[in-house]
Structures are given as C-alpha cells and as structure tokens.
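All values below were derived from every heavy atom in this structure, side-chain atoms included, with hydrogens, water molecules and symmetry-related copies excluded.
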Amino acid sequence: QVQPVESGGGKVQAGGSLRLSCTASGLTLGTRSMGWFRQAPGKEREGVACIAWNAFTYYASSVKGRFTISRDNAENTLYLEMSSLIPEDTAMYYCAADSELYREGNCLDTDFGYWGQGTQVTVSS
C-alpha cells in the first residue's frame, strides 16, 4: 500500500520558519506531480504549492514569496520550506502525489490520488 508520509510540522512564532518533508515508498516522485495542501479549522482544503515532474511550480497567492516547494530526486523526498510564517498559515498540511505519471497539473486536489496523514503547523502571534 502506497501512502505519502509527512514530517517536520510543529509550533513556531510568527516570523519563524519550518521545513516539511514528504516521502512515499513505492513512488518515484520525479515521475509525477507532487503537492502540498492545507486545511485549517472551519476552512476548505486548499492547494499551497505543487511541483510537476519537470519542476514547474505553482504557489497559492497567500504563500508566494514565503514558501518554496522542492524535490530531491536522489533522496526521493519532497520538501516545503516555509518562512515568514504568520498565524494564518496554521493548518494541517498534507503531502499528495498525482494519480497519473508525467502530468502537468494545476494543483487541483482531484488530480491527486495518494495522500499523507498530515502534519500540523501552528504559528503563534
């Protein structure tokens, strides 16, 4: 059974930084789009950042310039570097893998068939 596994969440003060990691045994991350999604209490799940197999990236406007998505193909690991964190970033963050190979997606959750269990990020003011 294939399921991405996230790590790196935690509690930080506003202005701080965190790096989230994701790995999924059985999937070659460089062959498909990968994404980070988040869901805060009372809000819908939203796409935060996605990276295609060819390294094309997408960022939500709310995180652009503060977050960076990257992929280490040698380690088969996905990362989300988060800086200048604000309380509005508080959410459960999910790693997801596209259900199809070599698709240039649009960071829509309907395109992602493999989901992690989530890692909590809490930013205090």
Side-chain angles (χ1 to χ4, degrees):
Q1 182 176 1
V2 175
Q3 182 178 38
V5 179
E6 308 95 335
S7 62
K11 297 182 179 180
V12 298
Q13 292 183 314
S17 300
L18 285 173
R19 187 180 76 165
L20 307 184
S21 301
C22 171
T23 188
S25 180
L27 293 177
T28 302
L29 304 189
T31 65
R32 65 182 76 230
S33 296
M34 301 292 298
W36 290 98
F37 297 79
R38 69 184 182 186
Q39 187 168 25
K43 296 184 178 180
E44 296 291 316
R45 184 170 62 191
E46 64 173 338
V48 176
C50 292
I51 183 168
W53 66 272
N54 61 0
F56 182 84
T57 57
Y58 161 88
Y59 294 95
S61 60
S62 59
V63 307
K64 190 174 297 183
R66 300 188 297 116
F67 291 9
T68 301
I69 188 170
S70 63
R71 181 177 57 220
D72 187 327
N73 290 341
E75 296 184 354
N76 203 36
T77 303
L78 181 74
Y79 298 100
L80 183 67
E81 297 181 43
M82 312 163 68
S83 63
S84 301
L85 286 162
I86 58 177
E88 289 75 14
D89 294 320
T90 296
M92 185 73 74
Y93 283 71
Y94 299 90
C95 172
D98 199 319
S99 59
E100 295 185 8
L101 298 174
Y102 300 111
R103 173 165 61 184
E104 184 174 325
N106 295 307
C107 215
L108 300 175
D109 58 6
T110 53
D111 289 339
F112 292 80
Y114 305 95
W115 292 83
Q117 80 289 345
T119 185
Q120 179 68 38
V121 172
T122 302
V123 184
S124 61
S125 60

>> Please report the interatomic distance OG1(Thr122) to CE(Met92), rounded to the nearest 0.5 Å.
In response: 8.5 Å
> What heavy-atom pair brings Met82 and Leu85 nearest, and what distance separates the two atoms?
Replying inline: CE-CD2, 3.6 Å
> Is the side chain of Asn76 donor-acceptor paired with the backbone N or O of Leu27 at a distance under 3.5 Å, no angle test?
Replying inline: yes
>> For Phe112, run the ring-ring contact (aromatic ring centres under 6.0 Å, His included) check against Phe37, Trp36, Tyr94 and tell me which one passes.
In response: Phe37
> With hydrophobic residues grouped by side-chain heavy-atom distances under 4.5 Å, do Val12 and Val121 end up in a single group?
Replying inline: yes
>> Any side-chain to backbone donor/acceptor pair from Asn73 onto Leu29? Under 3.5 Å, distance only.
In response: no
> Are Tyr58 and Tyr79 connected in a single hydrophobic cluster, I mean Ile/Leu/Val/Met/Phe/Trp/Tyr linked by side-chain heavy atoms less than 4.5 Å apart?
Replying inline: no
> When rounded to the nearest 0.5 angstrom, what is the spacing between CD in Gln3 and OG in Ser25?
Replying inline: 12.0 Å
>> For a quick test of reading the model, state the closest non-hydrogen atom pair linking Arg66 to Asp89 and the distance between them.
In response: NH1-OD2, 2.7 Å
> Linking I/L/V/M/F/W/Y whenever their side-chain heavy atoms sit closer than 4.5 Å, directly or via other members, would Trp53 and Leu80 fall into one cluster?
Replying inline: no
> Under the 3.5 angstrom rule, does the side chain of Glu6 hit a backbone N or O of Thr119 as a donor-acceptor pair?
Replying inline: no
> Is there a side-chain contact (heavy atoms from CB on, under 4.5 Å) between Tyr59 and Thr68 once you walk through the steps?
Replying inline: CA-CA 8 Å; Tyr59 294 95; Thr68 301; 3.8 Å; yes
> Roughly how far, to the nearest 0.5 Å, is CZ of Arg103 from CG of Asp111?
Replying inline: 4.0 Å
>> Once you measure the plane-to-plane angle for Tyr93 and Phe67, does it fall in the parallel (<30°), tilted (30-60°) or perpendicular (>60°) bin?
In response: tilted
> CE of Met34 to OG of Ser70: how many Å apart, nearest 0.5 Å?
Replying inline: 11.5 Å
> Closest heavy-atom contact between Asp98 and Arg32?
Replying inline: O-NH1, 2.8 Å
>> Tell me the closest heavy-atom pair linking Cys107 and Ala49, and the distance in Å.
In response: SG-C, 3.9 Å
>> Main chain of Ser33, side chain of Arg71: is a donor-acceptor contact present, judged purely on distance under 3.5 Å?
In response: no
>> Looking at Thr90 and Val123, would you say the former's side chain and the latter's main chain have a donor-acceptor pair under 3.5 Å?
In response: yes
>> Assigning hydrophobic clusters by single linkage (Ile, Leu, Val, Met, Phe, Trp, Tyr; side-chain heavy-atom cutoff under 4.5 Å), is Val2 placed with Leu101?
In response: no
> Got a second to check how far Cys22's SG is from Ile69's CD1, nearest 0.5 Å?
Replying inline: 9.5 Å
